[in-house]
Amino acid sequence: MADVAYGSLPFREMIEFFRRKLNLTTEAWTDVYAAEHEWSFVVAGANRDAIVRDFREAVDKAIADGTTLEEFRRDFDRIVARYGWDYNGGRDWRTRVIYETNLNTSYAAGRWEQLQAAPFWQYEHADWVQNPRHQHLTWDGLVLARDDPWWRTHYPPNGWGCQCKVIGLWPRDLAQLGKTEPDQAPKVEWMDRLIGQNSPGGPRQVSVPEGIDPGFEYAPGSDRWRSYRFKD
């Protein structure tokens with residue numbers, strides 16, 4: 001998975017998270033928002049079942065087989081040519097968004113399930129990112145309890161192209177960091193943002209924490225985890 005920032009090999013929880021999603025057609029990216037992506041596979045503007053189905057197969061291959069962005073772009077080109085799909089945005093930008101967002105959120109959801117074994121979580125900023133977000137840098141190294149409410153809105157990825165991640169820690173790890181207890185969660189400052197200015201349904205206002213892109217103010221995998229944990 002050479003083009004995925006995390007550099008990880010595909011793993012069971014990551015693959016299963018993606019494969020449990022239902023295909024949905026959309027007119028715009030705002031049609032399915034934030035945690036609704038826990039259950040739905042969409043490609044913004046793909047409004048025919050056949051197109052969504054073929055894109056799902058291409059993304060599934062990328063997740064399960066670790067295919068590269070360039071390989072996904074070849075699949076994208078074939079799908080666009082087959083259906084004559086008129087999409088918004090440049091081809092390179094659009095393919096990267098589809099590829100990275102699906103792989104990164106599936107990875108994060110799979111890790112959410114795995115990380116339940118660790119009592120403490122540490123935010124880790126990718127130090128190789130060329131244009132890091134200021135807020136994400138300030139969270140680098142932050143250690144919080146696994147069940148701290150802060151993770152509900154700040155568990156990465158926290159925006160388009162965000163490559164931050166979370167690692168699990170145990171009491172011995174805190175001691176090695178010179179800590180006797182986890183840090184205090186940063187204060188969350190909420191901001192109103194206008195989205196969907198070019199959407200067929202028109203714009204709407206959403207509230208997101210400072211430093212989080214609209215649509216990313218949720219923790220991939222968290223809703224799934226709760227539904228599995230508390231089902232009969």
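In this chain, numbering begins with 1 at the start of the sequence shown. No hydrogens, no waters, no symmetry mates; every other heavy atom, side chains included, goes into these values.
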Do S222 side-chain atoms and A219 backbone N/O form a donor-acceptor pair below 3.5 Å? yes

Is it the case that the side chain of H125 and the backbone of W139 share a donor-acceptor pair, with hydrogens and angles ignored and the cut-off at 3.5 Å? no

From the list F41, W85, Y87, ring-ring contact (aromatic ring centres under 6.0 Å, His included) with F55 holds only for W85

Exercise: do E71 and T68 side chains pair donor with acceptor under 3.5 Å: yes

Check: W121 ring centre within less than 6.0 Å of W150 ring centre: no

Ignoring hydrogens and angles, state whether a donor on the side chain of Y83 or D54 is under 3.5 Å from an acceptor on the partner side chain. yes

With a 6.0 Å cut-off (strictly less than), is the heavy-atom count around CG of D86, excluding the residue itself, greater than 12? no

Steps toward side-chain hydrogen bond (donor to acceptor under 3.5 Å, both in side chains) verdict (Y123, D183): CA-CA 11 Å; Y123 194 100; D183 300 320; over 6 Å; no

Going by chain and number, the hydrophobic cluster around V42 (ILVMFWY, side chain to side chain under 4.5 Å) further includes L24, V32

If you apply the rule side-chain hydrogen bond (donor to acceptor under 3.5 Å, both in side chains), what do you find for T25 with R48, and how did you get there? CA-CA 6 Å; T25 58; R48 284 178 279 171; over 6 Å; no

For the side chain of E13 and the backbone of F11, is there at least one donor-acceptor N/O pair under 3.5 Å apart? no

Looking at P186, P209, C164, which one forms a side chain to side chain contact (heavy atoms under 4.5 Å, CB included) with H154? P209

Does the pair R20/E16 count as a salt bridge with the N-to-O cut at 4.0 Å? yes

Over 60° means perpendicular and under 30° means parallel, so classify the ring planes of Y33 and W29, tilted if in between. tilted

R146 vs W151, side chain to side chain contact (heavy atoms under 4.5 Å, CB included): CA-CA, chis, key distance, verdict: CA-CA 8 Å; R146 175 190 58 218; W151 295 118; 5.9 Å; no

What about F17 and Y107, are their ring centers closer than 6.0 Å? no

With heavy-atom distances below 4.5 Å as the criterion, would you say the side chains of L69 and R96 are in contact? yes

Quick one: do D148 and R152 make a salt bridge, cutoff under 4.0 Å? no

After noting the C-alpha distance and the side-chain angles of K179 and V143, does the key distance pass the side chain to side chain contact (heavy atoms under 4.5 Å, CB included) rule? CA-CA 9 Å; K179 300 176 183 290; V143 176; 4.0 Å; yes

Is I51 reachable from F76 through a run of I, L, V, M, F, W or Y residues, each pair having side-chain heavy atoms under 4.5 Å apart? yes

Would you confirm whether N47, through its side chain, and E27, through its main-chain N or O, come within 3.5 Å as a donor-acceptor pair? no

Evaluate the salt bridge (charged side-chain N to carboxylate O under 4.0 Å, His left out) criterion for residues K21 and D60: first the C-alpha distance (whole Å), next the side-chain angles of each, then the deciding distance (0.1 Å), finally the verdict. CA-CA 11 Å; K21 291 190 176 192; D60 185 273; over 6 Å; no

Is the distance between the ring centroids of W112 and Y155 less than 6.0 Å? yes

